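Here is the structure we will look at.
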Amino acid sequence: MKGLAKSMWTTLAVFARKPVTRDYPTYHKPLPERDRAFPLLLWDKQIDEPFCTGCHACERACPVECMTVLMKDNPNHRSVGGNSGRRKIIDKFWIDYARCMRCNICVEVCNFDAIAMNNTWQGHELSVYDRKDLVMDLGALTSLSHGGGITEWVPVVGQANEA
Amino acid sequence: MASEMLPDEEYEVQDLLLNVGPQHPSTHGVFRMVMTVDGELVKDVVPYIGYLHRGAEKLCETMDYRQGIGFMDRTEYLAGHNAELSYVMAVEKLAGLEVPERAQWIRMILCELNRLSSHFMFMGAFGIDVGVFGTPFIYAWREREAIIDLFEEISGDRMMYAYFRPGGLAWDVPTNFVQRVKEVLVSSKTGIKDFDGLLTDNEIFRARTQGIGYISAEDAIDYGMSGPSLRGSGVPMDVRKDEPYLYYDQIKFEVPVGKNGDVFDRYICRLEEMRQSVSIIEQCLEHLQPGPIMPERMPRMLRTPPGEVYVRTEAPRGEYGVYLVSKGGNRPYRLKVRSACLSNLQPLKQMSVGQYVADAIIVLGSIDIVLSEVDR
Ligand code: SF4
Ligand code: SF4
């Protein structure tokens, strides 16, 4: 009986503590800056085009091969009268969020800081009825950054692949 | 005819086949056992595994060393840091990489925190297995949440960290790391005390667990058990003590062992281990100095010389080993994960035969099984 009483006492003592429950759909806990949801592309606001040059580095490094990258000549390049220094630019870009395992490798290999992990709640609340709706195209991938939802690339200190 | 009673021996007596799983809350994942029961007594248990097989080992052979890290998390989803640790240590050993001191201490802290969170998970789930102890489950969630929030602040993810890299860490910990770890330790200590108060002396809990699922030390060793499940039988085997890796040789801690080899002793070992983990982390925090977290020169693409290594570490469930063969180049030629859970599962039949059906569930719970590690 003594043990049982001790158990009951523990429960009672816990009952007096502050509740820790987070009322999820109505309350969103603030996410840490490093939070990794899914990768998305960043928008160069100065020139008004994506940072991504379509160099395929991330596509080749992705362990689950969920990215598809197509590159084109930049119609906005200086040589053709535009104001961009990027000779090549991204044409089409798909990331299959259903396959991505959020390993951060694409962010680490990108030389242009063009891709970042979404650290907002939009990156977590992605439920859809059909898997194919999780294949994100260039518009969907850049929209958050274009609209100012993500302002900058979160630099990581001491990356693994510094030469 | 019908009114005449037949003598006993003319009844056909059949044992009942009872299927548990694969989708059953008490099997801790997708695991199926087919029990032969005679009334309430278990006469035979046939386990079926493989429902969670994803071929992580084979996949890693097609990937370079960095790409493999993410898959290691998924082989052991309750203790990702520990699984990654074995893998990156194997790569480091093969490539001859020197890991900076700071990275090693941080690794140790994270692995011990992961042990805490994994054992909290055990305490919670075990309470449910034992009976109507639903309360510890919620308590466990509370403490585990605090640890996982910390992991999220450090690595960015709550379960699939992908934070360790061959050579060190992906990035440094946040500046308030030490203070945050201390906060988490305070809540963990409260949690451990709560569990102690709730379960250890509880008469009902003791009646359900003492003398159940006995396995002798000799048998446990023969089956290749490891971790708290082996220590519960009184074998003081702990890779951290026997073959110190990281800086475990500079840290003072004890290896708790049980006496009776029953379910209760395995529980007590884990509870005591959590206290030890807290003290290990506190000692590690004192050693933590600023410094680099990656070696000075790291190649862009890590290549290893030909060779083979076996590295083992003490994960929450026992010895987590990685056997890595390289024929040169940037990917493993062969990768084999020695999972503690698979070996711990072997004596399931021996431990449950002769027990009641309800006790067989407790026996399964007491070896703290994670099916992703069994099937990989
Ligand atoms: S995101 Fe970066 S690595 Fe990937 S294609 Fe664009 S520029 Fe290249
Ligand atoms: S996070 Fe990993 S899995 Fe996802 S797209 Fe990037 S490299 Fe591929």
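Sequence lines set the chain letters: A, B, ... in the order given, protein chains first and strands last, and positions in each chain run from 1. Predicted, not measured: the structure shown is a model, and the values here were computed from it.
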CG/A/L4 to CD1/B/I204 distance, rounded to the nearest 0.5 angstrom?
4.5 Å
Check whether more than 12 heavy atoms from other residues, nucleotides or ligands sit under 6.0 Å from atom CZ of A/F15, and answer yes or no.
no
With chain A as the partner, which of B/M63, B/K193, B/Q67 has the greatest number of non-hydrogen pairs under 4.5 Å?
B/Q67
Heavy-atom contact with chain B under 4.5 Å, split by part of A/T11
both
Are A/K29 and B/E145 within salt-bridge range, i.e. N to O under 4.0 Å?
no
Heavy-atom pair with the smallest gap, counting every atom of B/A162 and A/C103:
CB-O, 4.1 Å
Using modelled atom types and a 3.5 Å cut-off, is there a donor and acceptor pairing between side-chain atoms of A/R102 and backbone atoms of B/D157?
no
I'd like to know which of B/I69, B/D73, B/D64, B/D149 tops the heavy-atom pair count under 4.5 Å against chain A.
B/D149
Toward chain A, the part of B/Y161 with a non-hydrogen atom under 4.5 Å
backbone
Take atom CZ of A/R87 as the centre, draw a 6.0 Å sphere, and report whether it contains more than 12 heavy atoms from other residues, nucleotides or ligands.
no
Rounded to the nearest 0.5 Å, what's the gap from CH2 on B/W171 to CD on A/E108? Could you check?
6.0 Å
Against chain A, label B/R74 side chain, backbone, both or neither, depending on which of its atoms sit under 4.5 Å from a heavy atom there.
side chain
Only pairs of heavy atoms separated by less than 4.5 Å count here; which of B/I138, B/V173, B/L59 has the most with chain A?
B/V173
Is the side chain of A/R34 donor-acceptor paired with the backbone N or O of B/S155 at a distance under 3.5 Å, no angle test?
no
Between B/M160 and chain A, which part of the residue has a heavy atom less than 4.5 Å away: side chain, backbone, both or neither?
backbone
Show the numbers, then the answer: is there a side-chain contact (heavy atoms from CB on, under 4.5 Å) between B/F71 and A/V64?
CA-CA 10 Å; B/F71 290 94; A/V64 292; 4.1 Å; yes
Applying a strict 4.5 Å limit to non-hydrogen atoms, the region of B/P174 in contact with chain A is both
Can you confirm whether A/W121 is buried at CH2, in the sense that more than 12 heavy atoms of other residues, nucleotides or ligands lie under 6.0 Å from that atom?
yes
For B/E98, does the CD atom have more than 12 heavy-atom neighbours from other residues, nucleotides or ligands under 6.0 Å away?
no
Just wondering, more than 12 heavy atoms not from B/Y77 lying within 6.0 Å of its OH?
yes
